[in-house]
Amino acid sequence: MDLIDEVRSTVNTIPDGKVASYSDIGAHLGVGPRRIGRIMGLLDDDVAWWRVVYSDGRPAVCHCGTAPQILAAEGTPFTGERVAMTHARHRFD
DNA sequence: AGCCTGACAGATA
DNA sequence: GTATCTGCCAGGC
């Protein structure tokens with residue numbers, strides 16, 4: 001099981017209406033957030049990248065046009081242009 | 001081998 | 001709340 005698959009699997013674990021930060025996923029997998037970002041870039045459309053946001057709650061990379069839209073459609077709580085991490089952050093088991 | 005860059009985050013001012 | 005700096009891990013040149 002490569003870290004790639006681990007990340008993809010972990011991201012797919014996030015339910016609708018929830019999100020996770022890079023550091024959250026990284027902590028869950030036992031790696032630094034930087035690694036997650038790198039891997040996310042390698043992954044394809046199989047992952048719900050829009051559910052992966054910065055620790056601040058801002059959508060990654062400036063997908064600031066589509067991501068918020070998808071998240072809002074899934075029921076993700078928003079605080080202005082920022083995701084309400086406090087309520088939308090998914091807890092990995 | 002060395003340097004630069006990058007889907008990051010936390011600390012500090 | 002915004003702006004800057006530093007630390008971390010990999011990959012490309």
Side-chain angles (χ1 to χ4, degrees):
Chain A
M1 201 61 153
D2 289 309
L3 190 55
I4 310 290
D5 294 312
E6 291 283 347
V7 175
R8 179 165 41 194
S9 179
T10 304
V11 174
N12 279 321
T13 300
I14 306 172
D16 293 9
K18 292 291 183 73
V19 297
S21 68
Y22 291 88
S23 85
D24 278 347
I25 300 172
H28 180 66
L29 299 179
V31 300
R34 208 79 184 215
R35 291 278 287 284
I36 306 302
R38 183 163 303 291
I39 292 168
M40 289 297 291
L42 301 176
L43 290 173
D44 306 290
D45 330 305
D46 301 322
V47 293
W49 49 265
W50 57 86
R51 289 181 195 160
V52 184
V53 300
Y54 288 142
S55 65
D56 299 70
R58 296 179 308 206
V61 212
C62 257
H63 286 118
C64 313
T66 59
Q69 183 177 296
I70 301 174
L71 293 171
E74 294 184 338
T76 306
F78 263 85
T79 303
E81 299 185 0
R82 200 186 342 276
V83 178
M85 295 296 283
T86 309
H87 277 265
R89 194 152 80 120
H90 173 64
R91 295 180 181 178
F92 296 103
D93 300 313

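A, B, ... follow the sequence lines: proteins, then strands. Residue 1 opens every chain. Heavy atoms only: backbone and side chains are in, while hydrogens, waters and symmetry mates are out.
- Taking the six-membered ring where the residue is Trp, Y54(A) and Y22(A) present tilted rings, their angle falling between 30° and 60°.
- Between the P atom of dA9(B) and the CG atom of D24(A) lies a distance of 9 Å, rounded to the nearest Å.
- Residues satisfying the ring pair (Phe, Tyr, Trp, His ring centres under 6.0 Å) test with F78(A), not counting sequence neighbours, are none.
- Expressed to the nearest 0.5 Å, how far NE2 of H90(A) lies from CG of D16(A) amounts to 11.5 Å.
- Rounded to whole Å, the distance from CG on L3(A) to P on dA10(C) is 9 Å.
- Distance CG (L42(A)) to C1' (dC8(B)): 15 Å, rounded to an integer number of Å.
- Taking all atoms of both residues into account, the shortest heavy-atom contact from V52(A) to M40(A) is CG2-CE, 3.6 Å.
- As rounded to whole Å, 15 Å separates atom P of dT2(C) from atom OH of Y54(A).
- Taken to the nearest 0.5 Å, the CG atom of D2(A) stands 9.5 Å off from the CZ atom of R8(A).
- Near DNA chain C, meaning a heavy atom under 4.0 Å from it, residues 28-39 of chain A has R34(A), R35(A), R38(A) in order of number.
- Between the C1' atom of dA9(B) and the CE atom of M85(A) lies a distance of 12 Å, rounded to the nearest Å.
- Atoms CD (E81(A)) and P (dG1(C)) sit 13 Å apart, rounded to a whole Å.
- Evaluation of the salt bridge (charged side-chain N to carboxylate O under 4.0 Å, His left out) test over residues 74-89 of chain A, restricted to residues two or more places apart or in two chains, returns D24(A)-R89(A), R51(A)-E74(A).
- Atom P of nucleotide dG6(B) and atom OH of Y22(A) are separated by 15 Å, given to the nearest angstrom.
- Dashed line: the shortest gap from a side-chain N or O of S21(A) to OP1 or OP2 of dC8(B) is not under 4.0 Å.
- Distance CG (D56(A)) to P (dA7(B)): 16 Å, rounded to an integer number of Å.
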